[in-house]
Amino acid sequence: MVAVRAIDPAAHPDFAGEVSGIDLTRPLTAEEVAAVAAGMDRFAVLVFRDQRLTDEQQIAFSANFGPLEQATGDLAQGAARRLSMQVNDISNLDRENRVLARDDRRRLFGLGNRLWHSDSSFKPTPAKYSALSARVIPGAGGNTEFADMRAAYDALDEATKAEIADLVCLHSQLFSRAAIGFDAFTEDERVRFAPVPQRLVRRHPVTGRRSLFLASHAGAIVGWPVPEARAFLRDLTEHATSRRFVHAHVWRMGDLVMWDNRVTMHRARPFDAREVRDMHRTTVADSAPTLEQAA
Ligand code: OGA
Ligand code: MN
């Protein structure tokens, strides 16, 4: 029997749940899929412990919730790529499973994950769910933090809610990487990572709850001067990521954490760059660009 309980019921009764009574290595029943989907609608982040998954099992599990994204947001590595295109490589390893050098371009690009973001908000149709599987974790550090964009929206004053109701932001990995001083993009990457428009306020299709759709990828607001937009988005992000909206996940080997990118942001926390951290992510695409979804 699948059961879901709040991990920190006092601080977050409806954010971040732990699921028990399910084995993700096996095909799920329709009842199990429905229970997980209901858990996602309520908690937005779900933790599954002790799930030693292969990539094939992780892909099969994720595909229960919609079509999977291809990992086109990663740097294109051609034959040097370590994992299949259905799996985002969230590790610090090369194809021979050697730890990347501190100044390796792939590592520096990946450090963008330390900024608050929502996965694939830089794609025309962004991500719905991400599922991140911990294969090898470092001895210390390397937590992942999640922020509840529904609670952050609810806590805004009415004037701000009115001001942002119809705003459209432009998202690109060029913006998020520029924020940490990474600008070593090729011409091809600049074209591939061109900005895309996304609504700033979204409505969850099942619960009807509104939420902020923010990410460090957001670098402009349509119709606004850029410095004003950046300062405004920075203030909103500071509000939305205050500690009262945040749950920190401390990884154990075999954890799978799934989150709803439509209503959360997340970020990686630092760890010793000489240690191995091997995480595999599958990503379920949303149904349409946010501008085509009901506001
Ligand atoms: C991701 C991501 C954070 C982490 O997998 O999309 O941002 O802690 N991961 O690795
Ligand atoms: Mn991410």
Side-chain angles (χ1 to χ4, degrees), residues 16 40 44-48 51 53 55 58-59 61-62 65 68-75 82-93 99-100 106-123 125-149 171-173 175-177 179-180 182 193 198 213-218 237 240-241 246-273 275-286:
M40 289 296 287
V45 178
L46 290 180
V47 175
F48 304 79
Q51 307 286 340
L53 298 173
D55 283 358
Q58 186 176 342
I59 288 167
F61 164 69
S62 311
F65 305 99
L68 297 192
E69 274 189 7
Q70 297 286 305
T72 51
D74 289 1
L75 292 181
R82 201 171 68 99
L83 308 176
S84 94
M85 278 305 282
Q86 277 179 302
V87 183
N88 285 84
D89 193 351
I90 315 293
S91 77
N92 58 348
L93 301 173
V99 173
L100 298 174
R106 291 163 289 182
R107 172 173 184 271
L108 301 180
F109 178 80
L111 288 179
N113 278 345
R114 289 218 201 145
L115 306 178
W116 286 108
H117 65 281
S118 174
D119 289 333
S120 300
S121 74
F122 51 81
K123 293 185 179 179
T125 294
K128 179 185 171 193
Y129 295 165
S130 293
L132 188 61
S133 161
R135 308 295 173 86
V136 181
I137 58 172
N143 291 352
T144 306
E145 294 184 342
F146 296 92
D148 186 347
M149 295 300 105
H171 292 237
S172 167
Q173 296 204 95
F175 295 138
S176 49
R177 268 53 186 188
I180 51 170
F182 179 97
F193 297 153
Q198 305 290 3
F213 193 50
L214 285 169
S216 57
H217 308 306
T237 302
T241 57
V246 171
H247 168 73
H249 180 70
V250 182
W251 291 95
R252 287 188 219 151
M253 219 92 106
D255 283 352
L256 181 123
V257 178
M258 185 154 79
W259 61 88
D260 187 337
N261 288 290
R262 300 169 300 182
V263 299
T264 60
M265 282 205 287
H266 61 280
R267 65 172 180 175
R269 299 288 72 212
F271 60 96
D272 186 333
E275 285 197 63
V276 175
R277 185 174 187 263
D278 187 9
M279 321 282 281
H280 294 204
R281 194 187 89 206
T282 42
T283 314
V284 178
D286 202 356

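Atoms within a ligand are numbered from 1 in the order they appear, just like the ligands themselves.
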Between Thr237 and Met265, does the side-chain contact (heavy atoms from CB on, under 4.5 Å) criterion hold? Intermediate values first, please.
CA-CA 10 Å; Thr237 302; Met265 282 205 287; 4.0 Å; yes

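Aromatic ring centres of Phe146 and Trp259 lie closer together than 6.0 Å. Centroid-to-centroid, the aromatic rings of Phe193 and Phe175 stay 6.0 Å apart or farther.
Electrostatic pairing of Asp278 and Arg82 counts as a salt bridge here, judged by a charged N lying under 4.0 Å from a carboxylate O.
A donor-acceptor pair under 3.5 Å links the side-chain atoms of His117 to the main chain of Leu115, judged by distance alone. At distances below 3.5 Å, not a single donor-acceptor pair connects side-chain atoms of Gln173 with backbone N or O atoms of His217.
Here His266 contributes NE2 and His117 contributes NE2, and at the Mn ion (ligand 2) these two atoms make an angle of 90°, given to 10°.
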Could you list each N/O atom of ligand 1 together with any protein N/O atom closer than 3.5 Å, one pair per line with the distance?
residue  : atom   : partner : partner atom : Å
ligand 1 : 6 (O)  : Asp119  : OD1          : 3.0
ligand 1 : 6 (O)  : Asp119  : OD2          : 3.2
ligand 1 : 6 (O)  : His266  : NE2          : 3.3
ligand 1 : 6 (O)  : Arg281  : NH1          : 2.7
ligand 1 : 7 (O)  : His117  : NE2          : 3.0
ligand 1 : 7 (O)  : His266  : NE2          : 3.0
ligand 1 : 8 (O)  : Thr144  : OG1          : 2.6
ligand 1 : 8 (O)  : Arg277  : NH2          : 2.8
ligand 1 : 10 (O) : Arg277  : NH1          : 2.8
ligand 1 : 10 (O) : Arg277  : NH2          : 3.4

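Judged by a 6.0 Å distance limit and a 45° cone about the ring axis, Arg262 is not positioned over the six-membered ring of Phe213.
Minimum-distance N/O/S atom of Asp119 relative to the Mn ion (ligand 2): OD1.
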